[in-house]
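See below for the structure under consideration.
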Amino acid sequence: MSDPVWALSPHKNYANDKIRYIIRPIQWVPERGMQVDIARIQLLASALQAQAGNTDTVVRVLAKSGLSAQDFAPPAKLYSAHTEALFTRHACDELNDILFGARTGLQFSATSSLTAYISKYSRDLRQVLENANHFHRLIDPAIAVRLHESGNSATIEARWKDPSFSRYHRRTEFLMFACIARLRALTGIPIQPIELRFQHKVGAREEDYSKLGRFPVVFGAEKLEIILPQSTLDVPVPTYDPSLRQHLMEYGDRLLSENSDEKQTLRSRVEGRITQSLPGAIARAEQVAKDLGMSPRTFGRRLTEEGTSFREIVDDLRCDLARTFLKNDMGLSEISYSLGYADQAAFSTAFKRWTGQSPSAFKDQSRRRKLA
C-alpha cells in the first residue's frame with residue numbers, strides 16, 4: 001500500500017487570529033496510478049446535470065466511467081485522472097456536445113487543494129505559474145506546465161508526462177480552459193489570452209471554440225499552449241500572503257520528496273510512443289521496443305504479462321481516436337491520414353472490423369443524435 005496523500009483544510013484560530021491548517025490523511029487508492037482533485041469531477045457532474053436537466057444522465061455517465069455519486073461525495077478528496085477523462089468524454093457524448101468540457105472548464109474557479117492555497121497566497125501570476133511548474137506532480141499526474149517569456153508575450157506550455165492521455169481530447173480542452181478560468185478567479189480580472197493552441201484537430205468545429213472563449217483558439221498546433229500578453233504575469237493576486245505561502249511551499253516540497261512519481265504501465269508508455277508518432281504514421285513495434293530500451297522479445301513478453309499485445313494497443317488507440325475524429329466531423333481522408341492508413345479504403349475496412357459499421361454509418365448516427 002502506498003503512502004497516504006495529505007490535504008489541507010482551513011480553520012480559523014481566533015486565539016491568535018491566524019489561519020491554521022489541519023492536516024488530514026487521505027488514502028491514496030491507485031487506479032492506473034494517477035489521482036486528481038475531487039473538485040473537478042464535482043464541477044463536471046454539476047455542469048452535466050444543469051445542461052441535461054436531469055439526474056439520470058449524470059447517473060448513466062458515472063456508470064460508464066466506473067463511478068457512482070458516493071465516490072466523490074465527502075469526505076472523498078481524490079479520484080482517478082483516467083476516470084475524469086472518461087467522464088468528460090461520455091458527458092460530451094450524452095449531450096451530443098463536444099464543447100461541454102471546454103465550457104465547463106471556463107466555470108472552474110476554486111479548489112481546496114494544497115497547490116490551490118499556494119496560488120491563492122502568491123504575489124502575482126508569474127509566481128502562480130512558477131508554482132504550477134514546481135508542484136506539477138501534485139496538480140495533475142498526466143500533464144505539466146512550463147512558463148516561457150519572449151518579447152511582448154508569455155507562453156504557458158503544457159507538456160504530457162503521460163502521452164497516452166493525449167487521446168482524451170475533451171479532457172485536454174477542459175483542463176486548458178480551466179487554467180484560463182483559474183487565472184481569472186485568482187486575480188478577479190477577465191484575463192484574455194492572445195491565443196489558445198491545441199495539438200489535436202476538431203474539423204469544422206474550430207470556430208465554435210473561439211466563439212465560446214471569445215479569444216482565438218487554434219487546433220492542429222505543434223504544441224499545447226496558452227499565449228498571454230507579457231504584462232499579464234505582473235497582475236497581482238489580491239489574497240497575497242508571503243508568510244502563508246512560504247509555509248505551504250515548505251510543506252509542498254516535503255510532499256514531493258515523500259511521494260515519488262507513479263510508474264506508468266508499459267501499455268501507457270507504448271500508447272504514448274504511438275501517439276507521438278501521429279499524425280501520418282504508426283510507430284513499429286521494433287522501434288518502440290528500442291525506444292524503451294528493450295529487445296523485441298522482452299517487449300512482447302512484458303506486454304503479454306500485462307494481458308495485451310502491441311497490435312491490440314495499436315488497434316485500440318486507432319479505434320478510439322477514429323471515433324473521436326468522426327464525432328468532431330473530420331473528413332474520412334483526413335482521418336485516414338492522421339491514423340497512418342495508406343488510403344481511405346484501408347481505414348474503412350479496419351473501422352468496420354472494430355465496430356461492426358462503416359465510418360460513414362457511424363458519422364451519420366452521430367449527426368442524427370445531435371438533431372434528436
Side-chain angles (χ1 to χ4, degrees), residues 82 85-86 89 98 142-143 158-173 197-206 218-224 264-297 299-300 302-304 306-366:
H82 181 62
L86 293 178
R89 170 185 288 180
I98 69 168
I143 200 168
R159 57 182 177 82
W160 293 108
K161 293 180 287 185
D162 183 346
S164 67
F165 272 78
S166 65
R167 69 154 82 179
Y168 299 113
H169 299 172
R170 305 292 85 89
R171 178 182 189 263
T172 305
E173 293 157 8
R197 299 171 182 170
F198 291 98
Q199 293 166 303
H200 62 269
K201 297 182 179 181
V202 293
R205 302 300 304 275
E206 186 167 330
V218 175
F219 290 84
E222 181 181 349
K223 296 179 179 179
L224 186 58
Q264 298 175 24
T265 63
L266 179 57
R267 177 176 184 127
S268 292
R269 296 164 67 195
V270 172
E271 287 178 354
R273 296 287 176 171
I274 295 170
T275 302
Q276 289 172 338
S277 71
L278 298 171
I282 288 287
R284 298 176 62 85
E286 295 80 6
Q287 184 59 50
V288 174
K290 183 179 179 181
D291 290 345
L292 296 177
M294 302 180 199
S295 68
R297 185 173 180 178
F299 181 61
R302 290 275 305 278
L303 287 175
T304 299
E306 289 191 7
T308 188
S309 67
F310 185 76
R311 174 48 52 191
E312 181 180 315
I313 294 172
V314 169
D315 281 351
D316 176 66
L317 185 59
R318 275 175 154 170
C319 180
D320 190 66
L321 288 172
R323 288 171 178 266
T324 299
F325 290 153
L326 287 167
K327 291 172 185 175
N328 291 354
D329 209 23
M330 288 172 59
L332 297 186
S333 59
E334 185 178 9
I335 296 174
S336 302
Y337 166 75
S338 296
L339 297 180
Y341 285 98
D343 52 46
Q344 188 174 316
F347 165 63
S348 296
T349 299
F351 190 83
K352 191 166 185 178
R353 172 167 54 84
W354 299 327
T355 66
Q357 60 183 150
S358 68
S360 297
F362 181 89
K363 202 170 188 177
D364 289 342
Q365 185 181 63
S366 295

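Keep in mind that this is a model prediction, so the values were computed, not measured.
- Between D316 and R311, no side-chain nitrogen of the basic residue sits less than 4.0 Å from a carboxylate oxygen of the acidic one, so the salt-bridge criterion is not met.
- Side-chain contact check for S333 and S336: no donor-acceptor pair (N or O, by modelled atom type) lies under 3.5 Å.
- Using a 4.0 Å cut-off between charged nitrogen and carboxylate oxygen, K290 and E286 do not count as a salt-bridge pair.
- The side-chain heavy atoms of H200 and L321, taken from C-beta on, include no pair separated by under 4.5 Å.
- Taking 4.5 Å as the limit, some side-chain heavy atom of F325 sits within range of a side-chain heavy atom of L339.
- Scanning all heavy atoms of the two residues, the minimum distance from S268 to S164 falls at O-CB, 3.5 Å.
- Under 4.0 Å is where a charged nitrogen must lie from a carboxylate oxygen, and between R269 and D162 no such pair does.
- Scanning for ring-ring contact (aromatic ring centres under 6.0 Å, His included) contacts around F351 gives F347, F362, with sequence neighbours left out.
- The shortest distance between side-chain heavy atoms of R167 and T324 does not fall below 4.5 Å.
- The side-chain heavy atoms of S348 and S358, taken from C-beta on, include no pair separated by under 4.5 Å.
- Look at E334 and K201 and you find a salt bridge, because one of the NZ, NE, NH1 or NH2 atoms lies within 4.0 Å of a carboxylate O, short of that distance.
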Hey, mind stepping through L332 and S360 against side chain to side chain contact (heavy atoms under 4.5 Å, CB included) and telling me if it holds? CA-CA 8 Å; L332 297 186; S360 297; 3.7 Å; yes
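- The cationic atom of R205 (NZ for Lys, CZ for Arg) does not lie both less than 6.0 Å from the six-membered ring centre of F219 and within 45° of the ring axis.
- In this structure, CD1 in I274 is found 6.0 Å from CD1 in I313, a value given to the nearest 0.5 Å.
- Using a 4.5 Å heavy-atom threshold, the side chains of W160 and L224 count as touching.
- The CZ atom of R197 lies 9.5 Å from the NZ atom of K223; values are rounded to the nearest 0.5 Å.
- Looking at heavy atoms from C-beta onward, R89 lies out of side-chain contact with R171 at the 4.5 angstrom threshold.
- Contact of the T172 side chain with the S166 side chain is not registered, since no non-hydrogen atoms from C-beta on lie closer than 4.5 Å.
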Apply side chain to side chain contact (heavy atoms under 4.5 Å, CB included) to the pair K363 and D329, showing each step before the final yes or no. CA-CA 7 Å; K363 202 170 188 177; D329 209 23; 3.1 Å; yes
Quick one: do F198 and H169 satisfy ring pair (Phe, Tyr, Trp, His ring centres under 6.0 Å)? Show the steps, please. CA-CA 9 Å; F198 291 98; H169 299 172; 9.3 Å; no
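- Judged by distance alone, the side chain of Q199 and the main-chain N or O of A221 form no donor-acceptor pair under 3.5 Å.
- Here the CG-CD distance, from L317 to E271, works out to 6.0 Å after rounding to the nearest 0.5 Å.
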Between L292 and L266, does the side chain to side chain contact (heavy atoms under 4.5 Å, CB included) criterion hold? Intermediate values first, please. CA-CA 9 Å; L292 296 177; L266 179 57; 3.7 Å; yes
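- A283 approaches S277 most closely through the heavy-atom pair N-OG, 3.2 Å.
- Within a 6.0 Å radius of CZ in R297, other residues, nucleotides and ligands contribute 12 heavy atoms or fewer.
- The closest side-chain heavy-atom distance from K352 to Q357 is not below 4.5 Å.
- Salt bridge R284/D291: absent, no basic N to carboxylate O contact under 4.0 Å.
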Could you walk me through whether I143 and R159 pass the side chain to side chain contact (heavy atoms under 4.5 Å, CB included) check? CA-CA 6 Å; I143 200 168; R159 57 182 177 82; over 6 Å; no
